[in-house]
Every structure is written in C-alpha cells, then in structure tokens.
Amino acid sequence: MKKISYGFSQLMKLHLHDYHVNLKAKMVPFAGYDMPVQYPLGVLKEHLYCRESCGLFDVSHMGQIKVFGEDRMKFVETLTTGEFQSKKSGQSVLCLILNEKAGIIDDTIVAKRDDHIHIVVNAGNKFIDMKQMDKIIKEYNYKVQYEYLKDKPLIAVQGPNAHKVLNEVFGTEHNLDKIPFMFMVNIQKNGIDYQINRCGYTGEDGYEISVDNSKAEELCDKLLATKMTQFCGLGARDSLRLEAGLCLHGHEMDDTISPYEAKLMWTVRKPNKETGKYNESAAFIGRDALPQRQKDSKFKRMGFITQSGIARPPCDIEFQGQKIGSVTSGTYSPNLKKGLGFAFINNEYAKDGTQLQADIRGSKVNITLSPTPFVPQRYYKPEKK
C-alpha cells in the first residue's frame, strides 16, 4: 500500500476536543486530527461494551458535504459508483469515488434527499474529494453547488442498545427505532435540529447524528446520561470494523487499488441484466478502466486468522518461504480472542481455508485465510409483513 500524506501542516482539533480531554481520553494524531484513541476503560473493554450495549464515537473529523442544484443527480453519478435512480428520499448508499484508472480515491456514504444530496467522506481525503468535485463541476459544466459542513460535529451511536438510547434521548414519537438501515431523517427536539442516519462502522446496529457545534456537548451529555453508553476511541473502532469485515481507506483501499482487488465490486453500479443498460443519468469516472483492471488484477483482499500473535502491516504473507502477499490491517479480536486481519494475497493462493504464514518480525506464524465478516453483522432490518 502506498503511504498516505494528508497534507496538513498542523493537527486540527475536533469541536469536542476539550470534552474528550475532560473524559481523560488519550489523544493521538490520525488523518490530520488530534483524536481520542482510548478512554480510561481501555480498548478491549470499550470494544466489548459496544458489542454488548452501546459505544459512542466522535467521528466529526469526517467530511460532511451537501450538494444542491438541478444537475445534482448527474453530478453524484459521475463522482461515485453508486446507483441512485431507484432510491427513495433519505436512502443512503455506500459507494466509491474512483479516478480515471479506477483506483479508489475514497469510499463514501451518499444519501438522496428531497432537495439535495448528502455526502460523508473520510477525514484524510475530504479535501482531495472536494478537489475532485470541483474538477467534475468544471469539466462537465454541471449546475450544482456544494457546502462543506465544517461546523457540524458527527457522533456515532453504535451497539445493540443504540435504538433504546435514541428513544430515551429524543423520545419515541420520532420512531427512530423503526428507521431502516442506511436511511437518513431530520428531526427537531426542543428547538434543536438533528440529522440522523442509521448506519455505522462497527457491524452493529447504530446511528450517526449530525448537530450544530453549539449543541454537540449537550447531545453527548444526554447520550451519556442514559447509562447505556460509553465513549470509545480509535482503537476500539478499528478492532470493531475489522471483526465486522469492513475496509479502511489507506489500508485496504487507495488510489492505486481497484474495486476488484479490494473486493468491493458490490458497491459499483451495474447494468440491467436483461437490457444491458445502466439506470443512470451519467456514467461514473473510472468505469471504462474497470474491465482492464479486472483482467490485469494479480491479487485480492482476503481475511485471515492467526494461530498465535497479531500480524500487522507491513507483515509479509508467505507460502513455503515465498512472499505471496502483505498484511493491510491486523488486530486482536476481543470477541474471538485471536488475531485477525486483512491482506492482499496473490490470486493463485486467495481461497478461504488456505494455510499460509505471516512473517512477524522474523517469526513465522501460521494463518488461515477466512471468509468475512469474522463476527456476524447485526444491522437493523425491519420485519417483513
């Protein structure tokens, strides 16, 4: 994987930086921000608390962008790989932003709204993404404008009790426990506006709440007052997303990696099987390069479980002493009580169940390629009537 440079001359601070410091969070640099990596509870207990009750994550470093204008659908279909024509208002889509060579500039969640498109992108890439947006607007002459919501903190509420927490904080009259997975709504409570999307990055049921900066501390106080929540840091967020089989840009993705190699083709718009035509108003950038990228691909992302130890990047993966891959992410799984992670593996060996070795600082550790997610994803799905 190429080394990512975020291009920030100094660390930026979250709107709630002092709030986290008062909670005795340990702060570390991440994606250009000073971020909480853990709280006094510790990474392992934070991880388990999220799986068992409800973890809170400050993800305000992410980029929130609103796109307006009559060409907004053409614009977002050019910018991303998502399919939006069939989506309802409020429905969200996980998709990719590709370059002309079908490398992954970023992954993003895009929500279709009545009068605009709402986009959430990764912190380290948000200014790169906005440059790409500017380029598309200029080259295609699209009639759109976008707004970067820099003063809107974003709090993720994740875990099996997330719906109970939101009902207690916002009341049952908003039916937040009934919102389908990957749907966004706007509500008002006591004169305060909230934007809530049922999504997350842990594999658990959960929500991401966007609120004005002046009301963010009040929101966090109310979430903590439910006694069902605990703030969790980047350490737990990483082990949770890995257990859930979720990729991280800069590790399993970058602008040299294609959706085929990252095994993310399920996020890419496809033609109708019967007509062969795309349901779209514009083609996404990178589409023409995808067939050749698939043909030329020599490796793919695979999950693995270690027999002992933890294989982290840049560990080599070997077969009979020959390097056939490299680790992109690795961690200890508090739920499985063993090491696991992702690696790019040469196609010849990229089959679940294959026994290989990881070179961990000169020690050869046995690993087994494994299907993902490593633990079941528990996103909310309404009962079918």
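Asn122 contributes no side-chain N or O that, together with a main-chain N or O of Gly124, makes up a donor-acceptor pair within less than 3.5 Å. Between the side chain of Asp177 and the backbone N or O of Asn167, no donor-acceptor pair lies under 3.5 Å. At distances below 3.5 Å, at least one donor-acceptor pair connects side-chain atoms of Thr328 with backbone N or O atoms of Phe342. Checking side-chain atoms of Tyr207 against main-chain N and O of Leu176 turns up a donor-acceptor pair under 3.5 Å. Not a single donor-acceptor pair under 3.5 Å links the side chain of Arg72 to the backbone N or O of Val67. With hydrogens and angles ignored, the 3.5 Å screen pairs no side-chain donor or acceptor of Gln158 with any backbone N or O of Gly55. Looking at Thr306, its side chain does come within 3.5 Å of a backbone N or O of Gly339 through a donor-acceptor pair. Distance alone, capped at 3.5 Å, is enough to place a donor-acceptor pair between the Thr229 side chain and the Leu223 backbone.
Using a 4.0 Å cut-off between charged side-chain N and carboxylate O, Lys45 and Glu52 make no salt bridge. Using a cutoff of 4.0 Å between basic side-chain nitrogens and carboxylate oxygens, Glu243 and Arg51 are scored as salt-bridged. Look at Lys26 and Glu46 and you find no salt bridge, because none of the NZ, NE, NH1 or NH2 atoms lies under 4.0 Å from a carboxylate O. Taking the charged nitrogens against the carboxylate oxygens, Glu218 and Lys222 do have a contact shorter than 4.0 Å, which makes a salt bridge.
Checking Ser53 against Gln230 by side-chain atom types alone, no donor-acceptor pair falls below 3.5 Å. A donor-acceptor pair shorter than 3.5 Å can be found between the side chains of His47 and Ser239. With no hydrogens or angles considered, no side-chain donor-acceptor pair links His17 and Tyr33 at under 3.5 Å.
Linking Ile, Leu, Val, Met, Phe, Trp and Tyr residues whenever their side-chain heavy atoms come within less than 4.5 Å leaves Tyr49 and Val165 in two separate clusters. Hydrophobic clustering keeps Val120 apart from Ile117 (ILVMFWY residues linked when any side-chain heavy atoms are closer than 4.5 Å, directly or through intermediates). Both Tyr146 and Phe84 belong to a common hydrophobic cluster when Ile, Leu, Val, Met, Phe, Trp and Tyr are linked at side-chain heavy-atom distances under 4.5 angstrom. Both Met228 and Leu23 are part of a single hydrophobic cluster, where members link through side-chain heavy atoms under 4.5 Å apart. Connection of Leu242 to Leu336 is established within a shared hydrophobic cluster, with ILVMFWY side chains joined at heavy-atom distances below 4.5 Å, either directly or through further cluster members.
Here the side chains of Lys13 and Leu11 are not in contact, with every heavy-atom distance at 4.5 Å or above. For the pair Phe374 and Asn335, the minimum side-chain heavy-atom distance is 4.5 Å or more. With a 4.5 Å cut-off on side-chain heavy atoms, Thr331 and Leu340 count as touching. No side-chain heavy atom of Asp238 sits under 4.5 Å from any side-chain heavy atom of Leu234. Inter-residue side-chain proximity for Ile345 and Phe299 is flagged as unmet; no heavy-atom pair is nearer than 4.5 Å. At least one side-chain heavy atom of Leu240 sits less than 4.5 Å from a side-chain heavy atom of Phe57. In this structure, Arg237 and Val59 have side chains that are in contact, with non-hydrogen atoms separated by less than 4.5 Å. Here the side chains of Tyr332 and Val43 are not in contact, with every heavy-atom distance at 4.5 Å or above.
Glu252 and Ser329 get closest at one heavy-atom pair: OE2-OG, 2.6 Å. Considering all non-hydrogen atoms of both residues, Gly245 and Arg301 come closest at O-NH1, 4.3 Å. Nearest heavy-atom pair across Cys54 and Ala162 is SG-CA, 3.9 Å. Nearest heavy-atom pair, Cys50 versus Glu204, reported as atom, atom and distance to 0.1 Å: O-CG, 4.2 Å. Of all heavy-atom pairs spanning Gly286 and Ala102, the tightest one is O-CB, 3.6 Å.
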Full working for side chain to side chain contact (heavy atoms under 4.5 Å, CB included) between Gln64 and Glu208
CA-CA 12 Å; Gln64 301 176 74; Glu208 292 184 354; over 6 Å; no
Any chance you could lay out the side chain to side chain contact (heavy atoms under 4.5 Å, CB included) test for Asn125 and Ile105, step after step, and finish with the verdict?
CA-CA 8 Å; Asn125 297 328; Ile105 296 174; 5.6 Å; no
Check step by step if side chain to side chain contact (heavy atoms under 4.5 Å, CB included) holds for Lys66 and Phe68.
CA-CA 7 Å; Lys66 280 187 174 182; Phe68 303 89; 3.6 Å; yes
Evaluate side chain to side chain contact (heavy atoms under 4.5 Å, CB included) for Tyr201 paired with Leu248, printing each intermediate quantity in order.
CA-CA 10 Å; Tyr201 193 49; Leu248 176 63; 3.5 Å; yes
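The aromatic rings of Phe319 and Tyr349 are tilted relative to each other, their planes meeting at an angle between 30° and 60°. Between Tyr142 and Tyr140, the angle of the ring planes stays under 30°, which puts this pair in the parallel group of the 30/60° scheme. Between Phe127 and Tyr148, the two ring planes are perpendicular [angle over 60°; tilted spans 30° to 60°].
With Tyr380 as the aromatic partner, Arg198 meets the cation-pi criteria of under 6.0 angstrom to the ring centre and within 45 degrees of the ring axis. Taking the centre and axis of the six-membered ring of Tyr260, the NZ or CZ atom of Arg293 falls outside the cone set by 45° and 6.0 Å.
Exactly one residue among Gln10, Met27, His61 makes a side chain to side chain contact (heavy atoms under 4.5 Å, CB included) with Asp34. That residue is Met27. Across Glu280, Gln85, Glu83, a single residue satisfies side chain to side chain donor-acceptor pair (under 3.5 Å) together with Arg269, and that is Glu280.
Residues satisfying the side chain to side chain contact (heavy atoms under 4.5 Å, CB included) test with Ala358, not counting sequence neighbours, are Ala311, Ile317, Ile360, Ile367. For Asp288, there are no side-chain hydrogen bond (donor to acceptor under 3.5 Å, both in side chains) partners at least two apart in sequence or on another chain.
For the atom pair Thr81 OG1 and Met265 CE, the distance stands at 8.5 Å (nearest 0.5 Å). With values rounded to the nearest 0.5 angstrom, Asn213 atom CG is found 9.5 Å from Lys152 atom NZ. Interatomic distance, CG of Asp58 versus SG of Cys232, reported as 12.0 Å (0.5 Å rounding). Between the OG atom of Ser60 and the CD1 atom of Ile155 there is a distance of 4.5 Å, given to the nearest 0.5 Å. Atoms NZ and CD1, on Lys126 and Ile119 in that order, are 14.0 Å from each other to the nearest 0.5 Å. For the atom pair CE of Met133 and OG1 of Thr80, the computed distance is 10.5 Å after rounding to the nearest 0.5 Å.
In the displayed structure, Lys364 atom NZ is contacted under 6.0 Å by more than 12 heavy atoms of other residues, nucleotides or ligands. Atom NZ of Lys270 is surrounded by more than 12 heavy atoms from other residues, nucleotides or ligands within 6.0 Å. Within 6.0 Å of the NZ atom in Lys101, the count of heavy atoms belonging to other residues, nucleotides or ligands does not exceed 12. Surrounding NZ of Lys263 are more than 12 heavy atoms belonging to other residues, nucleotides or ligands, all under 6.0 Å away. Within a 6.0 Å radius of NZ in Lys74, other residues, nucleotides and ligands contribute 12 heavy atoms or fewer.
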